[in-house]
Amino acid sequence: CKDRIVSIHPAANSTNNLVELALRRQLDQAEFVSRTAARLVRWQWDPFKCEVDDLSTEICNELCKHIRAELFFSYVVEVQDQTSFLRMVSSSGLTESEKKLWRRMEFGTNLCGVVAQTRQPLVVNFLQTGELNANNSAAIEAGAEAYMGFPLLAGEKLIGTIAVATRQKKEFTSDEISLMSTISNLLATALERERLAADLRKKQRFMDQVLDLIPGVFYLFDLEDFSSEFVTKNLKSMLGYEDEQLRQWGSEFTRFVMH
């Protein structure tokens with residue numbers, strides 16, 4: 001039996017290579033999304049966590065590598081004199097003059113301002129060959145070829161915006177837009193959770209200060225579980241009991257303290 005020689009056309013090799021490259025890129029993007037989601041969850045519970053601006057900058061820098069963009073800028077919504085505006089909190093790839101120029105952005109002005117005003121994603125490809133207008137002029141002057149921005153939403157509330165741009169290619173692909181959308185949603189969720197947690201910590205500190213001023217012992221006791229929920233710090237000075245003793249007593253709290 002003679003050996004069979006199979007000839008593969010160069011075009012077939014090229015197609016296979018493109019398919020393999022696309023699959024590898026999709027796998028890399030899926031792993032990036034998984035790592036980012038896990039990282040944001042760990043960050044929420046880390047008592048020594050970094051600042052949220054530093055975290056979002058690190059994530060966006062990695063995002064830019066996956067979508068092949070060299071510029072990114074993120075904004076938060078602030079209010080002054082009952083007027084909402086965007087304040088830049090992190091960026092990469094911008095010159096100092098561009099940072100200064102775009103440090104504050106009004107709703108409805110420039111591309112990021114349009115994203116904030118409409119609360120809708122905005123993708124603009126072929127910027128340099130497109131029609132010049134008041135909203136895209138800044139991006140065109142900066143040499144951007146393509147732009148995409150997403151609102152950071154917590155339900156109906158606008159937290160800020162996140163955007164990327166590139167001077168090296170003329171358009172973003174559908175996969176890159178989808179990846180940007182997913183990361184934006186993850187960041188928005190994490191930012192809102194952190195805001196709520198910060199508000200809760202602030203209220204808790206205020207309540208602790210108020211309770212410490214009470215001239216006596218104040219405690220909350222769960223009658224269903226028969227456990228101590230809260231006791232003011234002056235318990236030791238008045239009754240001689242330590243916090244550790246309370247935790248050990250558990251349901252026996254009433255027998256030791258309530259007379």
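The first residue in the sequence is number 1, and the count goes up from there. Owing to the predicted nature of the structure, the values given are computational and were not obtained by experimental measurement.
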Engineer: Working note: E176 + V123, criterion side-chain contact (heavy atoms from CB on, under 4.5 Å); need CA distance, chi angles, decisive distance, verdict.
Structural biologist: CA-CA 11 Å; E176 290 166 345; V123 180; over 6 Å; no
Engineer: Just jot down the side chain to side chain contact (heavy atoms under 4.5 Å, CB included) partners of V41, sequence neighbours excluded, or say none.
Structural biologist: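 Partners of V41 by the side chain to side chain contact (heavy atoms under 4.5 Å, CB included) criterion, ordered by chain and then number, come out as W45.
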Engineer: If we count only N and O atoms by modelled type, under 3.5 Å, do the side chains of S90 and S74 hold a donor and an acceptor together?
Structural biologist: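 Checked: S90/S74 side chains pair up, N/O donor to acceptor below 3.5 Å.
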Engineer: Do any N or O atoms from the side chain of R167 and from the backbone of A142 form a donor-acceptor pair under 3.5 angstrom?
Structural biologist: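 Checking the backbone N and O of A142 against the side chain of R167, a donor-acceptor pair under 3.5 Å is found.
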Engineer: Taking it one step at a time, do D175 and Q26 satisfy side-chain contact (heavy atoms from CB on, under 4.5 Å)?
Structural biologist: CA-CA 8 Å; D175 286 345; Q26 289 179 354; 3.7 Å; yes
Engineer: Considering only distance and modelled atom types, tabulate donor-acceptor pairs under 3.5 Å from the side chains of residues 151-166, sequence neighbours left out.
Structural biologist:
residue, atom, partner, partner atom, Å
T166, OG1, E70, OE1, 3.0
T166, OG1, Q168, N, 3.0

Engineer: Does the side chain of F126 reach to within under 4.5 Å of the side chain of Q128, using non-hydrogen atoms?
Structural biologist: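 Side-chain contact under 4.5 Å: no.
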Engineer: Please answer: with hydrophobic residues joined when any side-chain heavy atoms are less than 4.5 Å apart, are I59 and W43 in the same cluster?
Structural biologist: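 Same cluster.
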Engineer: Do L191 and V89 share a hydrophobic cluster, counting only Ile, Leu, Val, Met, Phe, Trp and Tyr and linking them when any side-chain heavy atoms are less than 4.5 Å apart?
Structural biologist: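 Different clusters.
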Engineer: Please collect all salt bridge (charged side-chain N to carboxylate O under 4.0 Å, His left out) contacts where either partner lies in residues 104-127, sequence neighbours excluded, each pair once.
Structural biologist: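 Residue pairs with at least one partner in residues 104-127: R104-E106.
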Engineer: Got a sec, which residues hit salt bridge (Lys or Arg N to Asp or Glu O under 4.0 Å) with E171, two or more places apart in sequence or on another chain?
Structural biologist: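 Testing E171 for salt bridge (Lys or Arg N to Asp or Glu O under 4.0 Å), a comparison that skips the adjacent residues, returns none.
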Engineer: In chain order, what residues pass the salt bridge (Lys or Arg N to Asp or Glu O under 4.0 Å) check against R42, with sequence neighbours excluded?
Structural biologist: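 Here no residue qualifies.
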Engineer: Identify the heavy atoms of S84 and V79 that sit nearest to each other, and give their distance.
Structural biologist: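 Heavy-atom minimum between the residues: OG-CG2, 3.7 Å.
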Engineer: Could you go through the side-chain contact (heavy atoms from CB on, under 4.5 Å) check for I177 and M148 one step at a time?
Structural biologist: CA-CA 8 Å; I177 296 171; M148 61 174 165; 3.8 Å; yes
Engineer: Go through L63 and F72 one step at a time and tell me if the side-chain contact (heavy atoms from CB on, under 4.5 Å) criterion holds.
Structural biologist: CA-CA 9 Å; L63 170 66; F72 93 82; over 6 Å; no
Engineer: Apply side chain to side chain contact (heavy atoms under 4.5 Å, CB included) to T95 and list each qualifying residue two or more places apart in sequence or on a separate chain.
Structural biologist: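 Side chain to side chain contact (heavy atoms under 4.5 Å, CB included) check on T95 returns S97, E98.
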Engineer: Under 4.5 Å between side-chain heavy atoms, hopping through other hydrophobics if needed: is there a path connecting L101 to L127?
Structural biologist: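 Yes, one cluster joins them.
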Engineer: With side chains defined as the heavy atoms from C-beta onward, is the minimum distance between D28 and H66 less than 4.5 Å?
Structural biologist: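 Heavy-atom side-chain distance check passes, below 4.5 Å.
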Engineer: At what distance, to the nearest 0.5 angstrom, does CG of L122 lie from SG of C112?
Structural biologist: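 If we round to the nearest 0.5 Å, L122:CG and C112:SG are 9.0 Å apart.
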Engineer: If a pair satisfies side-chain hydrogen bond (donor to acceptor under 3.5 Å, both in side chains) and one of its residues is in residues 129-153, list it, with sequence neighbours excluded.
Structural biologist: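 Those involving residues 129-153 do not exist here.
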Engineer: Identify the heavy atoms of L40 and A190 that sit nearest to each other, and give their distance.
Structural biologist: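 Closest approach of L40 to A190: CD2-CB, 3.9 Å.
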Engineer: Among residues at least two apart in sequence or on other chains, which ones pass ring pair (Phe, Tyr, Trp, His ring centres under 6.0 Å) with F172?
Structural biologist: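 Scan of F172 (ring pair (Phe, Tyr, Trp, His ring centres under 6.0 Å), adjacent residues dropped) gives none.
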Engineer: With a 3.5 Å cut-off and sequence neighbours excluded, list the donor-acceptor pairs that the side chains of residues 29-39 form with protein atoms.
Structural biologist:
residue, atom, partner, partner atom, Å
R35, NH2, E62, OE2, 2.3
T36, OG1, F32, O, 2.8
R39, NH2, E58, OE1, 2.1

Engineer: Using residues 179-186 as the side-chain source, report each donor-acceptor pair under 3.5 Å to any protein atom, sequence neighbours left out, with the distance given to one decimal.
Structural biologist:
residue, atom, partner, partner atom, Å
T182, OG1, S178, O, 3.1
S184, OG, M180, O, 2.8
N185, ND2, S181, O, 3.3

Engineer: Please identify each residue that fulfils salt bridge (Lys or Arg N to Asp or Glu O under 4.0 Å) with R87, with sequence neighbours left out.
Structural biologist: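 Here the qualifying residues are E78.
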Engineer: Within a reach of under 6.0 Å around NZ of K169, are more than 12 heavy atoms found that belong to other residues, nucleotides or ligands?
Structural biologist: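 For K169, atom NZ is crowded (more than 12 foreign heavy atoms under 6.0 Å).
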Engineer: Taking only residues at least two apart or on different chains, which pairs with a member in residues 73-117 satisfy ring-ring contact (aromatic ring centres under 6.0 Å, His included)?
Structural biologist: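 As it turns out, the ring-ring contact (aromatic ring centres under 6.0 Å, His included) pairs with a partner in residues 73-117, which skip direct neighbours, are F73-W102.
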Engineer: Is it true that, when you exclude K170 itself, more than 12 heavy atoms of the residues, nucleotides or ligands shown sit nearer than 6.0 Å to its NZ?
Structural biologist: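 Open.
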